[in-house]
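Encoded as C-alpha cells, the structure appears first; notes follow it.
Proteins come first, then strands; the chains are lettered A, B, ... in the order of their sequence lines, and each starts at number 1.
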Amino acid sequence: MRASRFLTKTLRQDPGEAESASHRLMLRAGMMTQVAAGVYAYLPLALRSIHKIEQIVREEMDAAGGQEVRMPALHPIEVWAETGRDAAMGDTLFHLHDRRGRELVLAPTHEEVITAVVRANVESYRDLPLLLYQIQTKFRDEPRPRAGLLRGREFDMKDAYSFDTGAEALDTAYQRVREAYRNIFRRCGLPTIEVEADSGAIGGKESHEFIVQAETGEDTVLLSPGGYAANVERATSIPPRAPEGEPLAMEAVDTPGVTTIAALSAFLGVPEAQTLKAVFYAADGEMVLVTIRGDIEVNEVKLRNHLHARELRLATAEESAAAGLTPGYASPVGLSGIQRIGDPTIQQGANFVAGANRPDQHLRNVNYPRDFEVDAIVDVATAQAGDEAPDGTGPLEAVRGIEVGHIFKLGTFYTRTLGAEYTDEEGKLNAIVMGCYGIGITRVLAAAIEQNHDERGVIFPAPIAPFQVHLIALNADNPEVSAQAEALYEELGASGHEVFFDDRVESAGVKFNDADLLGFPVRVVVSPRNLKSGVVEIKRRRDADPTQVAPDAVERTVAGLLAKDDL
RNA sequence: CGGGGUGUGGCGCAGCACGGUAGCGCGCCUGCUUUGGGAGCAGGAGGCCCCCGGUUCGAGUCCGGGCACCCCGACCA
C-alpha cells in the first residue's frame, strides 16, 4: 500500500476526547472514526489488524476442533423471553420493531440461538461432542461506553459454545478451549493472567477470565504469591483478625453525629475491625440486611449470587426507615421480620460496636450470636489487597486489567430451558451439557495497543500488525531514491511481506514520526545519504538503533527481524 | 441513573464575565526555496459558532428548553 493513496492521515495532535492510550493512538493513527458513543467505523488499518486477530482465533479454534458458524444479529424477542434473559439483560438489549410491529432485538450474545440450532441438529450421543464458534458483531446498549474499543456498544466478539454428554466431557472441552485461548493470546502478543471469575446469574459452576494487565482496565484482580488469582468480584481472603476477649455486657453509648465507621472508630477509640456495619439492600424489591465487620466492604456480586437477585441496590432512606432502621445507626440487634445475612467475619472477635437503631447512639460489646441473629452466614466480603490469600501463601496483591476472554461451564440451563436433548446409549433423553467461551476481538486490538506502545506511538506485535514493513523513501522526488524504493517495494511485496510504502513528498521528520506512530514492526529507509553509501537502513520499531545493509540483503534482513517478532 | 465537563473551519483551541457581524496554531490548496526527526517565505480556500425558542435595533456571547459527546461513579455474563 502506498501512503500517497491511503485513505487515512495521521493526526499531529492528540484528539481531545480520548483519554486511554489505545483510544488516543487509534484515533491519531487514523485506524478508526467515531460514529456515535461506543460505535466506530473501522478504517483500513484497524480492519487489517482485526482480520489478523480473527485469523489467529480461527486457526486455534479449528485446531481445538471447532466448527465456525454464523448467527443472525436480529432476534425475535421470543427467543429471549423463553430463557427470561430479556428481563435479565434489561436496558442492555437494543430493541426494535419491524413493519408489522413485531418486536426484535439486536443480539448481544448468542446462547439461545445456538442452542436452538443444536436442538434442531443433534439427536444422539453419537452427534456429540460439538464445539461451534462464531465471530460476529454484538450489540449491547452499555450504560457507559468508554475508552474507544475497550467498551463499545457495537463490537466484534468470538463466541464459542461446547455441547457435551456430561460433566466430564465438558471438562475436557473446557480445558481444550482454555489451551486454545492461551495460544491465541500469546500469538496476539498479549500476556494474560487467568483468574477465577464470577459466572454471573445464569452462569454455571466454573469460570475463568483472561485478563491483560493494564491501568486502564475495568477489572480488579487479586493475586497471591502462590498463584491464586481471582477477580475481586469472586475473590476470597483471610482478613486480619478482630480483637478477641471475654464477652462483656452490652451497653448503649452516646455517639451524636457519628454516622460512619471511620468516625465511630475515632470517636470511641475502637479499631474499625471491632465494629459491625449493617447494610440494607433491596433485592428485586425485597429488603435484605447484611451485617459485616466494619472494616470490610460488602461484595455485591457475591450477595447477588446468593440471593439469586436480578436487581440489587442499596435501599433508599425511605425503605430503610420503613423497615425500622435508622440511617447511620442501623443495627442487626433487635431486628426481625426481614431477611438477615451475616458475613463469617462476625463470628470471630468479640465485643463489637454496632448501631443502636436510634439516632445518636451505638451499642458496645455486641457479640454474635448472643445479641442478634441472622438467617444465614454467607461470605459476602470483598477481598482486599493486603489480606492474607486463601491459599495461605502471603498477602494478596491487586492489579487492574482488561478482560479479553471469558470461559464458562454453563451446564444445562439453556439446553433444559430450550429442550436441547440427546438420546444416550440406553435410549434415555438427557439435556446436553454446555459451555461458552468468549473473546472480545475488537477489545483484543485495543488491549494490545494499551500494552504495546510508547510515547511516540503504537508498537504492534508483528502477528497482528496491519502491515509488517514500513518502507520510507526520503526525498521521494529524487529519481534514484524513488527507483530504489520502488524496487524494494516490489521485491518485499513479491516475497510475501505486507509493505506500507511512504512514497509521499514529505520531510524526513514527518515520515519518521508517522512510522513511529503507526508502529509497524520493521522500518526500511531509502535515502540519498544511504544511497551514496550503497546501503539501506533497517530498524525494528522496538529497537533504538538501525542497521545498514546492502540493497540485495534487505529482504533477507527484514525476514530475519520479523522472525524474531513471530509469536 | 447520580456527579463533573465540553460542543466555534478537517484537528487542537481562544473569543462568552462586559452583545456590535469570528480569530490563533496545525492541517489543506498554489508558487518559490528547503531536504535525515513534525521546514521557510508569499498568496489562497474553508465556519448552519450543536439544535429550537426567547430577549434585543443587533446574539458565538444573555435567558429558557432540548440534543450530542467525554470523564468519574453506579451499572455491565
key: Closest listed nucleotide, where the reference is the side chain of A:Q34 and the choices are B:C71, B:C69, B:C75   = B:C69
message = Of the options B:A74, B:G12, B:C76, whose atoms approach the side-chain atoms of A:Q13 most closely?
response = B:G12
note = Residues A:L474 and A:F512: closest non-hydrogen pair is CD1-CZ, 3.9 Å
message = So which atom in A:G405 and which in A:Y181 form the shortest heavy-atom distance, rounded to 0.1 Å?
response = CA-CE2, 4.4 Å
Using the 3.5 Å cut-off, write out each protein N or O paired with an N or O of nucleotides 42-47 of chain B and the distance between them.
none

So what's [N] paired with, Watson-Crick or G-U wobble, going by both distances under 3.5 Å?
N	result
B:G9	none
B:C48	none
B:U56	none

ask   = For A:D141 and B:C1, what is the distance between atoms CG and C1' respectively, to the nearest whole Å?
value = 13 Å
task = To the nearest Å, give me how far apart CE (A:M89) and P (B:C75) are.
result = 16 Å
Are [X] and [Y] close enough for a salt bridge, meaning some N to O gap below 4.0 Å?
X	Y	value
A:E215	A:R400	no
A:D171	A:K409	yes
A:E486	A:R2	yes
A:E179	A:R182	yes
A:D514	A:K9	no

ask   = For A:R140 and B:C76, is the shortest distance between a side-chain N/O and OP1 or OP2 below 4.0 Å?
value = no
ask   = So, A:E450 versus A:T216: side-chain donor-acceptor pair below 3.5 Å or not?
value = yes
remark   = Given protein heavy atoms under 4.0 Å, the one-letter contact record of nucleotides 28-38 of chain B, with B base, S sugar-phosphate only and - none, is simply -------BBBB
